[in-house]
Amino acid sequence: MLQTLFLIPAKVAGYPVFGFGLLLTLWAVVSVGTLVRLVRRQGFNADTWSYVPILLLLGVVIAWVLPAICERGDGGELLGLPIRGYGVMMLTAVVSGTALAAWRAKRVGVDPELIFSLVFWMVIFGIIGARTFYVVEYWPVYWQKYAGPHGSLGALIGGIVNMTEGGLVVYGSFVGGVLGIILFLRKHPMPFLAVADLITPSMLLGAAIGRIGCLMNGCCYGAVCDHAWAIEFPPNAPPYIAQVERGQMYGFTLGGNPKTKPCTVLAVAPNSPADRAGLRPGDRIEKVGKFKIGETGQAYSALKNVFYERQPLELTVAGRPAIEIEAIAPPAWSLPVQPSQIISAIDAFLLCLLLLAYDPFHRRDGELFALMLSIYPVTRFLIEGLRTDEAPVFGTGMSIAQCVSLLLLACAAALWIYILRRPRGTAFQRQ
């Protein structure tokens, strides 16, 4: 895990970098250069003008958003912008995927410049889709943290757009990326399924590299296990914090859905502090210390406070005498967990190789895209079973990613029926 790689200083030679500073000046130069290049190549057409709002949005981010997410000193002064391992791997994913798509496009006689323009649209809408999916899924958390009693609308907006520490969902980026393709093809008419086949391996390559970013950030973590391939995380990592909140450091486990009522103990590890104190699976926790517990999320906060204060944990359970669990010193590392990020990266990379190997043999446009929609949801559904960072939704007992996986499988079946009814032939022929 390596969340922060380095810090870009807020000032260089006394001049501000972010906000109305050097970076905004660089943005202005690059934006003008980009527009001039487009005008020389294709004139003031609709495609050229379509870049204007996106460039303006980038300028707004530089002027107002980046200063809001910079690290600050004790006196409130800007120290600099942290460059996260997660963000660097996302950038590496985009560059690698673009290079692969451009190489494949050249082989079938498609201008790589079109691919660069297409990727621009896909990245913008993919990020919007990925972030929207994440924020909607965790909206109660965002509202409580940024717009609660001590929050504000500005803080809420800043929290929503702050992606430097993770918070992008693969399926959201997939939906946004497909929307980007559709909007791009309205201005550059090409067969959608042929373009989807051209881009799909790149999407999987990007997903594989992006999962390494998840590992560096500590998100998308797996369940506690004792296998030889298990990995551990430091105290500031999401898996460590989640284990504290769910009682796993004491040897018992609460559910992953903070809205669950009542707060029930799901499991107790043999010979753990919780087991020695007499806690049992199925016990309903009514109080943690003096704090009444209505839903599981309230227990998270109380457990976290007691743990870091290194105090004995007093639990009031329904129908039984109060239980006191001995205080424990915070360990240097988390309990070992499934390496779900690494498994996801290997899964996406192998699927990318499979699509590239199948490419010379496909006979109809859309086959690569449909093959991805057939295999990836299955592997994603199974890998989700190793994770504990997402609570079940809609009363299904499945995470939202598993629900979406089933929906995509249905879409894949319909797409295969449509593709196989079409005559053989592809729009792009390898040269």
Side-chain angles (χ1 to χ4, degrees), residues 34 37-38 40-43 45-48 50-51 91-126 170 173-210 347-377 408 411-412 414-431:
T34 300
R37 177 172 170 271
L38 289 170
R40 287 180 176 177
R41 192 181 72 180
Q42 59 192 33
N45 58 16
D47 181 60
T48 301
S50 67
Y51 282 80
L91 178 60
T92 304
V94 171
V95 172
S96 302
T98 302
L100 175 61
W103 174 73
R104 297 183 66 239
K106 189 175 182 179
R107 297 184 70 195
V108 297
V110 175
D111 184 2
E113 288 288 336
L114 285 176
I115 297 300
F116 298 144
S117 298
L118 171 60
V119 169
F120 184 80
W121 282 80
M122 289 183 64
V123 168
I124 294 298
F125 283 95
V170 170
S173 67
F174 172 77
V175 174
V178 170
L179 176 60
I181 294 176
I182 293 173
L183 294 176
F184 177 82
L185 294 182
R186 292 182 62 184
K187 302 179 181 298
H188 301 275
M190 288 186 290
F192 172 80
L193 290 178
V195 174
D197 281 350
L198 198 59
I199 292 295
T200 296
S202 295
M203 295 173 66
L204 271 300
L205 177 61
I209 297 173
D347 169 61
F349 184 68
L350 291 178
L351 184 50
C352 173
L353 293 180
L354 174 64
L355 294 180
L356 293 175
Y358 180 73
D359 183 28
F361 304 100
H362 85 283
R363 297 293 176 262
R364 297 175 178 86
D365 286 333
E367 288 186 13
L368 267 67
F369 186 56
L371 185 61
M372 183 272 289
L373 284 181
S374 302
I375 300 177
Y376 181 77
L408 287 181
C411 293
L415 181 58
W416 275 117
I417 293 173
Y418 172 76
I419 291 173
L420 294 176
R421 287 182 175 180
R422 301 183 64 188
R424 289 192 173 191
T426 57
F428 303 145
Q429 299 294 332
R430 183 174 297 180
Q431 299 178 349

Sorted by chain and residue number, the salt bridge (Lys or Arg N to Asp or Glu O under 4.0 Å) partners of Arg41 (sequence neighbours excluded) come out as Glu113
Report the residues that fulfil side chain to side chain contact (heavy atoms under 4.5 Å, CB included) with Tyr358, sequence neighbours left out, ordered by chain and then residue number.
His362, Glu367, Leu368, Leu371
Would you name the heavy atoms of Lys106 and Pro112 that are closest together and state the gap between them?
CB-CG, 4.2 Å
Filter on salt bridge (Lys or Arg N to Asp or Glu O under 4.0 Å), then keep only pairs touching residues 354-363, sequence neighbours left out; what's left?
Arg104-Asp359, Asp359-Arg430
When rounded to the nearest 0.5 angstrom, what is the spacing between OH in Tyr376 and SG in Cys352?
13.0 Å
Distance from Ile182 atom CD1 to Phe125 atom CZ, nearest 0.5 Å?
11.0 Å
Distance check, rounded to the nearest 0.5 Å: Met372 atom CE versus Leu354 atom CG?
12.0 Å
Heavy-atom nearest pair, Ala102 first then Phe116, reads CB-CE2, 3.9 Å
Among all residues two or more places apart in sequence or in another chain, which pass the side chain to side chain contact (heavy atoms under 4.5 Å, CB included) test with Ala93?
Ile209
Is there a side-chain contact between Leu91 and Val95 in this structure, where contact means two heavy atoms from C-beta onward sitting under 4.5 Å apart?
yes
Show, in sequence, the C-alpha distance, side-chain angles and deciding distance for Phe174 and Leu408, and conclude whether the side chain to side chain contact (heavy atoms under 4.5 Å, CB included) test is met.
CA-CA 11 Å; Phe174 172 77; Leu408 287 181; 4.2 Å; yes
Contacts of type side chain to side chain donor-acceptor pair (under 3.5 Å), residue Thr98, not counting sequence neighbours
none
Taking only residues two or more places apart in sequence, or in another chain, which ones meet Ala207 in a side chain to side chain contact (heavy atoms under 4.5 Å, CB included)?
Ala348
Any pair counted as side-chain hydrogen bond (donor to acceptor under 3.5 Å, both in side chains), so long as it reaches residues 114-125, sequence neighbours left out:
Tyr51-Ser117
Sorted by first residue and then second, give each side-chain hydrogen bond (donor to acceptor under 3.5 Å, both in side chains) pair with at least one member in residues 183-203; sequence neighbours left out.
Asp47-His188
Distance-minimising heavy-atom pair for Ala427 and Asp365:
N-OD2, 3.0 Å
Looking at every non-hydrogen atom in both residues, tell me the closest pair between Ala196 and Phe369 and how far apart they are.
CB-CG, 3.9 Å
Shortest non-hydrogen separation from Gly97 to Leu205 and the atoms involved
N-CD2, 4.2 Å
Can you tell me how far the CZ atom of Phe428 sits from the CG atom of Leu198, to the nearest 0.5 Å?
6.5 Å
From CG (Leu204) to CD1 (Ile199), nearest 0.5 Å:
12.0 Å
Side chain to side chain contact (heavy atoms under 4.5 Å, CB included) against Ala99, all qualifying residues, sequence neighbours excluded
none
Report yes if the side chains of Leu179 and Leu183 come closer than 4.5 Å at any heavy-atom pair, otherwise no.
yes
On a heavy-atom basis, the closest approach of Leu185 and Phe192 is CD1-CA, 3.6 Å
Donor-acceptor pairs under 3.5 angstrom involving side-chain atoms of residues 414-424: please list them, not counting sequence neighbours.
unit_1	atom_1	unit_2	atom_2	d
Trp416	NE1	Ser374	OG	2.8

Tell me, please, which residues at least two apart from Asn45 pass side chain to side chain donor-acceptor pair (under 3.5 Å).
Gln42, Thr48
With a cut-off of 6.0 Å (strictly less than), are more than 12 heavy atoms of other residues, nucleotides or ligands near CZ of Phe120?
yes
